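Below is one structure, written out as structure tokens, with a few remarks after it.
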Amino acid sequence: MEKDTFTVTAALPYANGPLHLGHIAGVYLPADIFVRFLRMKEHDVAFICGSDEHGAAITLRAKKEGISPQEIVDKYHDIIKNSFHQFHIDFDIFHRTSLPIHHETSADFFKTLEANGSFTKENSEQYYDEEYKQFLADRYITGTCPKCQNDNAYGDQCEKCGSDLSPTELIDPKSTLSGKTPILKATSHWYLPMNDHEEWLREWIQNGILDGEKQHDPKKWRNQVIGQCMSWINGGLKPRAMTRDLDWGVKVPLPDAEGKVLYVWLDAPIGYISATKQWAKDNNLDWKKFWCKKEAGNRKLIHFIGKDNIVFHAIIFPILLKSHGDFILPENVPAYEFLNLEGDKFSTSRNWAVWLHEYLAAYPNKVDELKYVLTSIAPESKDSEFTWKEYQQRINSELADVYGNFVNRTLVLSQKYYQGIVPQPLEFSSVDEDVMATIEKVPAKISALIYAYKIREAQSEMMQLARIGNKYLADQEPWKVIKTDPTRVQTVIYVALQITNMLSAVTMPFLSVKAKELQEMLQVNYTLWPESPLVLEAGHQLGTPKILFEKIEDELVMNEKAKLETTIEQTTKYPKMKDAINFDDFAKLDMRMGKIISAQKVEKADKLLHLIVDTGIDQRTIVSGIAEHFSPEEVIGKTVLVLLNLEPRKIRGVESQGMILMAENEDGKLSFLSAESGFGPGPSVG
RNA sequence: GGCGAGGUAGCUCAGUUGGUUAGAGCGCAGGAUUCAUAACCCUGAGGCCGAGAGUUCAAAUCUCUCUCUCGCUACCA
């Protein structure tokens, strides 16, 4: 039978920050184990990843730090690539989306879809800033509102009268970029009419049937993936714009599209394809073999992702691939839930994280130890949690005590009794035969689990083998029997060595470094997954035993926990000071004390309270986003700081005439501001 | 507010199409042992399976209501 072939991708990390353990546990490590396993099974596999370097978040950050987007992505691409390398997550290629081959590939992809009518093109006349040479998004245009004459209305909405506008309705429009009057120019945006694809998506996701043929087994897809997708589809898919007015990204490859780039979620997954192209080119392969229906046959495309990416990989990208026509669709999209850290979410902004590159710098020799821990707590079916205490416990009581100790005692006994030469077994007792039979079944057990993406359970089967070994030795007591029946010990040590041998082979996908060290100690070299019984022949000379896993001291746990506490203190919890303003700017603000005289929840909105505030000069309506922090009952009667002359704005159909000013601490908790002397409503602030 | 996924032992998690006494590892208690990394091995304690109602001879499992956690989404000037 022909072996299945695979193209495996791991979600492209976004190049505006380093990787933390959550990313590793929930995408890259399981993908790497899966691929190592497939390789040992001699499947033809391409393992593809790269950094995602486009999108608005990177341009905003660049602007804030006063450097170019390229500088940011260069920095993080290097950090990420390095840490993958040191952590032995071995992609065939770790590419990047800012390279020309990616731009070409994405542009070609786009052109094909445009040509075959997969997009709907919305033509319009849009304002264009001649000085900045770009089309202006609605929010980048201000002008006079045709309805209320407010001269500060935005292109999409007048915040004074609350009416929805289009930019062309504005009287005397101005570009917020150059301040000049923009000109109207014909332009288009391209939309993906996702609503046209609901029918086949439903059939494909629920039943695994694509173009009338069985493409995958939906039972192998995770619940949360199918659930999330069906939720989207049943809610009705909507056309989604595939182009943006931005200058950082893949340029829309058509005339009249100046200043437009492809939507980052269009170009990022195509990054898998362009990375494959580059890798194929470097290795004299045909990239189409990995992606195209014709050349790839029934190659399986697998996307390892986090749960926040489900919609893009299981709905949008498949629509694009299918619309293009040449490509295969994913056979599975194993999505992982999130990993938490010491009782709290990983948070980049609060620096609540264990960064992979920092871990590697501090513990360069503890790569497989971390891999083991992360795999045992991988969030396969629900969110899970990393704690340093558990890190220590797993390593000490499982890796060191069970696995390492078993290997050590077996090898030490072999040295002691047989000078490191595998002894000749004599008669097998029924226990021996049971154990031998059990060992032989382990590879098939583990492989079934990995094929089903149950990697955590697969690893625990590996550990189970070491447990069997410890029990076997304890039951047989060779150190006692040697005194009465030395020939029996030959068989016992032989069997124990067979367990160790098998262990060294099945550990490869999970802990490649340690597996090789163990194989070195056994003087064997396994690169293939054991299909038939592995035998360590009698007479084989073993290598020198050494300690495989060192224990983790309490000190490390304390230090790491302390480090988390202190970094969080050192992190600037609060935003930087804003640009200076002059006194006139300040004097424009009309702030007063106001008393909340009534409050109720806005319907169908989680965060909004509809307040009536007595300001001393009037009673006005203010809608405030504080419902998650305060109940209506507890805010009534409070005297608080109010900004009166903020332009009114309609929120959820209610016009809000001002703003309640709140203080927010680093945990996101809110507090009202009041006058210390207990003033009532009315007093002005300044 | 809408939708999705979860809630099982102190901790991390399994529980297939409803079917004996709900499982594993860690942790804890006791015992045994000394080849080995104060390791291993044995025994044990520990669960109203988030709450309530229903269907059934039988529910962790199916249905409904409620509640908590996470995510998507709307809305947070």
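Heavy-atom basis, side chains included; hydrogens, waters and symmetry copies ignored. Keep in mind it's a predicted model, so treat the numbers as computed, not measured.
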Report task. Name the nucleic acid region contacted by A/Ser656, choosing base, sugar-phosphate or nothing; use a 4.0 angstrom heavy-atom cut-off, strictly under. Result -> nothing
Query raised in the report: Are A/Pro330 and A/Trp204 close enough that some pair of their side-chain heavy atoms sits under 4.5 Å apart?
Result: yes
Query raised in the report: Closest to the A/Trp232 side chain: B/G27, B/C40, B/U73?
Result: B/U73
**Report entry** Any A/Asn234 side-chain N or O less than 4.0 Å from OP1/OP2 of B/C3
**Finding:** no
Query - Ring-ring centroid check A/Tyr453 A/Phe34, cutoff 6.0 Å - result: yes
Requested in this report: Determine the contact category for A/Arg222: base if any of its heavy atoms lies under 4.0 Å from a base atom, sugar-phosphate if only primed atoms, P, OP1 or OP2 are that close, otherwise nothing.
Outcome: nothing
Query raised in the report: Between B/C13, B/G4, B/C72, which one does the side chain of A/Ser231 approach most closely?
Result: B/G4
Query raised in the report: Under 4.0 Å: is that the gap between some side-chain N or O of A/Ser384 and OP1 or OP2 of B/C13?
Result: yes
Query - Sequence-distant partners of A/Val412, side-chain contact (heavy atoms from CB on, under 4.5 Å), two or more places apart - result: A/Asn408
**Report entry** Nearest listed nucleotide, side chain of A/Gln393, among B/C26, B/A36, B/C3
**Finding:** B/C26
Query raised in the report: If you measure from the P atom in B/U55 to the same atom in B/G23, how many Å do you get, rounded?
Result: 29 Å
Requested in this report: Starting from C1' on B/A5, measure out to CD on A/Gln224 and report it in whole angstrom.
Outcome: 6 Å
Query raised in the report: Looking just at side-chain N and O atoms, do A/Tyr472 and A/Asp432 make a donor-acceptor pair shorter than 3.5 Å?
Result: yes
Query raised in the report: Would you say A/Lys607 reaches B/G1's phosphate, i.e. side-chain N/O to OP1/OP2 under 4.0 Å?
Result: no
Query raised in the report: Taking NZ from A/Lys480 and P from B/C41, how many angstroms apart are they, rounded to a whole number?
Result: 16 Å
Report task. From the options B/U37, B/C40, B/C13, select the nucleotide whose nearest atom is closest to the side chain of A/Ile547. Result -> B/U37
Query raised in the report: What is the nucleic acid contact for A/Glu550, judged by heavy atoms within less than 4.0 Å: base, sugar-phosphate only, or nothing?
Result: nothing
Query raised in the report: Any idea which of B/A14, B/C41, B/G6 is nearest the A/Lys471 side chain?
Result: B/C41
Query - Ionic contact status for A/Lys382 with A/Glu337, cut-off 4.0 Å - result: no
**Report entry** Integer angstrom distance from the P of B/C70 to that of B/C28
**Finding:** 31 Å
Report task. Rounded to the nearest angstrom, tell me the gap between atom CD1 in A/Ile305 and atom C1' in B/G71. Result -> 12 Å
Query - A/Phe672/A/Phe630 aromatic ring centres below 6.0 Å - result: yes
Query raised in the report: Nearest to the side chain of A/Lys416 - B/C70, B/C40, B/A36?
Result: B/A36
Query raised in the report: If you look at every strand shown and take non-hydrogen atoms under 4.0 Å, does A/Phe549 touch a base, only sugar-phosphate, or nothing?
Result: base
Query raised in the report: So what does A/Leu413 touch, heavy atoms closer than 4.0 Å: a base, only the sugar-phosphate, or nothing?
Result: base
**Report entry** Atom pair distance, as rounded to whole Å: CD1 in A/Ile226 and P in B/G6
**Finding:** 11 Å
Requested in this report: Look at the side chain of A/Lys307 and decide which nucleotide, out of B/C40, B/C75, B/C70, has an atom nearest to it.
Outcome: B/C70
Requested in this report: Check whether any side-chain N or O of A/Lys551 sits under 4.0 Å from OP1 or OP2 of B/A39, and answer yes or no.
Outcome: yes
Query raised in the report: Hey, is the side chain of A/Arg467 poking within less than 4.0 Å of OP1 or OP2 on B/C41, counting only N and O atoms?
Result: no
Query raised in the report: Looking across every strand, which nucleic acid part, if any, lies under 4.0 Å from A/Lys389 by heavy atom: base, sugar-phosphate, or nothing?
Result: nothing
Query raised in the report: Could you state the CD-P distance from A/Gln228 to B/C70, rounded to the nearest angstrom?
Result: 16 Å
**Report entry** Rounded C1' spacing from B/U56 to B/U61 in Å
**Finding:** 13 Å
Report summary line: Testing B/G71, B/C75, B/U12 for proximity to the side chain of A/Arg394, the answer is B/U12
Report task. Determine, for A/Lys389 against A/Glu342, whether the closest basic-nitrogen to carboxylate-oxygen distance falls under 4.0 angstrom. Result -> no
Report task. Take atom P in B/G50 and the same atom in B/G10, then report the distance between them in whole Å. Result -> 13 Å
**Report entry** Sugar-phosphate, base or nothing in reach of A/Leu643, heavy atoms under 4.0 Å
**Finding:** nothing
Query - Listed nucleotide nearest any side-chain atom of A/Asn470, set B/U12, B/C41, B/A39 - result: B/C41
Query - Sugar-phosphate, base or nothing in reach of A/Asp383, heavy atoms under 4.0 Å - result: sugar-phosphate
Report summary line: Testing B/U37, B/A14, B/U12 for proximity to the side chain of A/Glu390, the answer is B/U12
